[in-house]
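A quick write-up on the structure given underneath.
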Amino acid sequence: MKVTKSEFVISAVHPDQYPVDALPEVALAGRSNVGKSSLINRMLARKNLARTSATPGKTQQLNYYRANDDLYLVDFPGYGYAKVSKTQRAAFGEMIERYLLSRDELKLVLLVVDLRHPPSKDDISMYEWLQYYNRNVCVVATKADKIPRSRWPKHIKVVKETLGFKQHHSMVMFSSETGMGKDELWGIIESYTDLGSEANETYAGEESESLLGDQE
Ligand code: GTP
Ligand code: MG
């Protein structure tokens with residue numbers, strides 16, 4: 001998908017703040033500091049739309065970003081960050097659980113993991129939760145630029161085995177640093193959000209018709 005327009009829409013704390021325009025939503029879950037916000041910036045071709053930080057725990061609400069007028073990328077708070085208080089952690093958990101359980105607009109969850117390391121206990125729990133809630137999942141193994149290509153297969157194997165990866169889910173290698181995996185990930189997102197070729201063909205058709213019209 002070619003993103004020509006993107007914007008930050010809202011940091012939602014309560015469900016009554018979620019957008020009501022019924023656009024499809026793609027959420028990003030993953031450990032704190034794994035690179036979720038960076039991935040959003042790369043996908044939207046914006047440097048600093050989603051706030052990134054070397055300090056973990058930056059994203060603490062559901063942050064909605066709109067791509068064109070087509071869909072929302074929803075940035076979750078990262079989990080596994082020790083300095084977040086127990087009360088805060090429980091509140092995040094509840095918010096995310098409610099969202100995963102009941103949000104009809106949610107079409108796909110990107111489970112973002114670090115290709116360099118085996119998925120954590122929290123990653124495994126999140127993956128199990130997503131299956132329990134019957135959500136479509138794409139595992140995105142990011143920071144791939146930090147590992148030589150020759151070692152990717154070994155790391156992919158560890159990620160898959162540790163997670164107990166299910167073959168009917170998708171998996172993509174990604175790097176927010178280089179942009180690797182961006183097109184493939186957009187392809188997957190489009191296929192789950194009904195933004196695939198059909199809509200684009202109609203659009204192209206309309207465009208060529210009006211071009212012909214101009215010539216007459
Ligand atoms: P929280 O909001 O705390 O949950 O973190 P996050 O998952 O949004 O991580 P964020 O995008 O803020 O990135 C954390 C750090 O990792 C930053 O210093 C990024 O520059 C770096 N980073 C993210 N993605 C990549 C990547 O693909 N390659 C490299 N080399 N660094 C990355
Ligand atoms: Mg973030």
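Counting starts at 1 for both ligands and their atoms, in listed order. None of the values given here were measured: they were computed from a predicted structure. Keep in mind that the numbers below use all heavy atoms, side chains included, and drop hydrogens, waters and symmetry copies.
Summarising the contacts of atom 21 (C) of ligand 1 with Arg116, Lys146, Lys36, Lys143, the nearest heavy atom is found in Lys143.
Atom numbering of ligand 1 starts at 1 in the shown order; those under 4.0 Å from a heavy atom of Ser38 are 10 (P), 11 (O), 13 (O), 19 (C), 23 (C), 24 (N). The distance from ligand 1 to the heavy atoms of Asp145 drops below 4.0 Å at these ligand atoms: 26 (C), 27 (O), 28 (N), 29 (C), 30 (N). Atoms of ligand 1 found under 4.0 Å from any heavy atom of Gly78, numbered from 1 in the order shown, are 4 (O). Taking every heavy atom of Ser32 and a limit of under 4.0 angstrom, the matching atoms of ligand 1 come to 1 (P), 3 (O), 4 (O). Within ligand 1, counting atoms from 1 as listed, the ones closer than 4.0 Å to a heavy atom of Ser175 are 27 (O). Of all atoms in ligand 1, listed by their number and element, those nearer than 4.0 Å to a heavy atom of Thr142 are 27 (O).
The distance criterion of under 3.5 Å between nitrogen or oxygen atoms is not met by Phe174 with respect to ligand 1. In terms of polar-atom proximity, Gly35 is counted as a contact of ligand 1, with an N or O under 3.5 Å from an N or O of the ligand.
Tyr127 and His169 have perpendicular rings, their planes meeting at more than 60° on a 0 to 90° scale where under 30° would count as parallel.
Not a single heavy atom of Gly30 sits closer than 4.0 Å to an atom of ligand 1.
Contact annotation: Asn63 places no N, O or S atom under 2.8 Å from the Mg ion (ligand 2).
Among residues two or more places apart in sequence or in another chain, the side chain to side chain donor-acceptor pair (under 3.5 Å) test is passed with Asp69 by Lys5. Residues passing the salt bridge (charged side-chain N to carboxylate O under 4.0 Å, His left out) test with Lys160, sequence neighbours excluded: none.
Counted by atom type alone, Tyr64 and Glu25 present one or more donor-acceptor pairs between their side chains at under 3.5 Å. Side-chain contact annotation: Ser38 with Asn41, donor-acceptor N/O pair under 3.5 Å absent.
At a heavy-atom cutoff of 4.0 Å, ligand 1 is contacted by both the backbone and the side chain of Asn33.
Between the Lys36 side chain and the Arg31 main chain, a donor and an acceptor come within less than 3.5 Å of each other.
Contact record, Leu39 with Val140: CD1-CG1, 3.6 Å, taken as the closest heavy-atom pair. Between Leu111 and Asp123, the shortest heavy-atom contact is CD2-O, 4.1 Å.
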